[in-house]
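Right, one structure below, let's go through it.
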Amino acid sequence: MLVVVCPQPDGTVVVQDVDRAQPGLPVVATETVEVEALPALVRAREAAASPTGTAPDAGLRWVWADTAATYPALLDADVRVDRCWDLRLCRTILRGSALTARTPYASAPRSAWDEARTAAAPEGLFDLTPPVALDPLRELRDQQRALTAAVGEDGRPESSRLWLLLAAESAGALVAAEMTFAGVPWDVVEHDRLLSELLGPRPAPGFRPALLEAKAAQVSAALGVGEINPDSPVELLRSMRLAGLPATSTRSWELQQIDHPAIAPLLEYKKMSRLMTANGWHWLDTWVAGGRFRPVYVPGGVVTGRWASDGGGALQLPHQVRSAVRADPGWVLVVADAAQLEPRILAAMSGDEAMATAGQAADMYEGMVATGAVATRQQAKFGMLGAMYGGTQGESGRMLPRITRAFPQALALVEAAARAGEQGEIVSTWLGRSSPLPSAEWRSAHSAAGAEGGSAAEQEAVRAQARSWGRFTRNFVVQGTAAEWALCWMALLRLRLRALSETVTGGPHLAFFLHDEIMVHTPADLADQVVEMVQETAHEAGRILFEGSPVEFRLTTAVVTAYSDAK
DNA sequence: CACGGCTGCCAC
DNA sequence: AAACGTGGCAGCCGTG
């Protein structure tokens, strides 16, 4: 059963039951409640639904415009849901997918549904009412029609993969809201200790902590051209040149090449300053409360389908501060990392037999060495990164011919994606998320160059642009499909964990996600069971996406008290 | 003085 | 000073 949630301008919510088994998605029951009564209604409906099955259509599926606007208030009322259909996220996929490109849904002009979501809901129980009236039921039916009409390049129906993508994307939205709700367990005392040790005690506002101040003075003294502010690139570069250093920028990797007594303290200063500004006391005050770090995740925020984050820098949590991520007393963190995810994804997508064989090994790069294609793990790694990113220089470029000979099908797949991009065509992930078209400027420059005219320099600039977009599309298919695997993994794991507790935070729950890595916060006595679930769901995600593929999606797992002990 | 672009560094 | 993909974020700095 699909249950459509339609907020009304008068502060009520119309809840419609839609029978998804019947054509046209007829409404079979309607109920109207005050918005304050919605959590109770959802709780009751979830409790009454048949026990969670593993079939994608089992039980209830809540249909709403936007999980991020609706679900947090339900969670605050201690209400969880099993499944949803996030109309906004699904719309983005369906409007852009090559599989639905020939449907009226994809070619319809932009509407209020396409406008960016309004910022996070203000204080108060609910802010469901969108700025412009949206009709979720109608949108659902339009999406369902487009999905049914999806066809592959060969013209044959191709809706099942797309359906899986929509379900996984929506499940991801639930996971994101639940993770923000639960938060990452954060030890403020440990964080402050770490900051004090590295930077000096917390200073008064507007002042540098003592050790950072001392380091700045050390840099000035070593340069010997007066007191400088190392945070100012302009001032720093000028001073370095004045002191006779051959620097052309203030980047660490370039400074490392220079032999001068000011360099060591300067690099240390940069490291300390970065810690201070990115994850210092101000960050702690802003993002950590009640022993929890609560970042805002943005599912589907990256074109490839990866998540983005909005505030808190969740997806760039430096290793330097991970000792402050600490399980509650009596609880532990189960940290699992998909090993060589993208190479495995490429092996499975392309059906390359030799690469798939390598992809059965616990360490895929070692597996590639074992096939005899390359001599060392390092060569395998650089070669694969070059293949997936479009590298041509250095170790990556040198390894490419060998990799191509050993794994021809895999390389053919990424090469085809690159060629398509260079010609301004779109490419798609395994489940059917498609890349955007290049910008109008890109396309007009491309066609103008093709029509000749233009200087040699102009033509070369256009070719460089084309190659650049080719590297994007080359990477898109792999990165995007890896994101799909990760979504399926999390969605499956979430439902398994759910069975272990009554509420989100009452038992094992997902606490953090980073592209190919997840963290579960769990009571210590359930850790072994959680590890098993994490492993099983990784395997299952591989099966759902790549039925019959011999590639194994291996994990490294760790059960730890502090995140810093995970690897 | 506000704001947007740039620089540099963090994550995968 | 880039090369070889996707991002976020803080602080600097030039501009209107």
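Every chain is numbered from 1 and lettered A, B, ... according to where its sequence line falls, protein lines coming before strand lines.
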- Item | A:R294 to A:W287, cation-pi by 6.0 Å centre distance and 45° axis angle | no
- Whole angstrom value for the distance that separates C1' of B:dT7 from CD of A:E235: 15 Å
- From B:dG8, C:dG8, C:dG5, nucleotide with atom closest to A:S249 side chain: B:dG8
- Shortest side-chain distance from A:Q393, nucleotide among C:dG7, C:dG11, C:dC4: C:dC4
- Query: CG of A:D231 versus P of C:dG11: gap in Å, rounded?
  - Reply: 9 Å
- Rounded distance (Å) that lies between atom P of C:dA10 and atom CG of A:L317: 14 Å
- What one should report as the nearest heavy-atom pair of A:G432 and A:L162 is O-CD1, 3.9 Å
- Minimum-distance nucleotide (side-chain atoms of A:Y389 versus C:dG5, B:dC9, C:dG7): C:dG5
- Task: Count the heavy atoms of every other residue, nucleotide or ligand shown that sit under 6.0 Å from CZ of A:F546, and state whether that count exceeds 12.
- Result: yes
- Query: How close or far is atom P of C:dG8 from atom CH2 of A:W287, stated in whole angstroms?
  - Reply: 13 Å
- Query: In whole angstroms, how far is the P atom of B:dA11 from the OH atom of A:Y297?
  - Reply: 16 Å
- Take the protein atom CZ of A:R274 and the nucleotide atom C1' of B:dG8, then report the distance between them rounded to whole Å. 8 Å
- By nearest-nucleotide position on DNA chain C, the 5'-leaning member of A:H282 and A:G386 is A:G386
- Item | Quiz item: A:R471 side-chain donor-acceptor pair to C:dC4 base, under 3.5 Å | no
- Query: A:Q409 and A:D352: which non-hydrogen atoms are nearest, and at how many Å?
  - Reply: N-OD2, 2.9 Å
- For atom CG of A:L275 and atom P of C:dG11, their distance in whole Å: 13 Å
- In terms of the nearest nucleotide of DNA chain C, which residue is placed more toward the 5' end: A:G311 or A:S232? A:G311
- Rounded to the nearest angstrom, tell me the gap between atom CG in A:L237 and atom P in C:dC13. 11 Å
- Report yes or no: is there a donor-acceptor pair, N or O only, under 3.5 Å between the side chain of A:R306 and the base of B:dC12? yes
- For the side-chain contact (heavy atoms from CB on, under 4.5 Å) test, which of A:V560, A:L510, A:I518, A:T522 pairs with A:V334? A:T522
- Message: Does the structure show a Watson-Crick or G-U wobble partner for C:dC4, both distances under 3.5 Å? Name it, or say none.
- Response: none
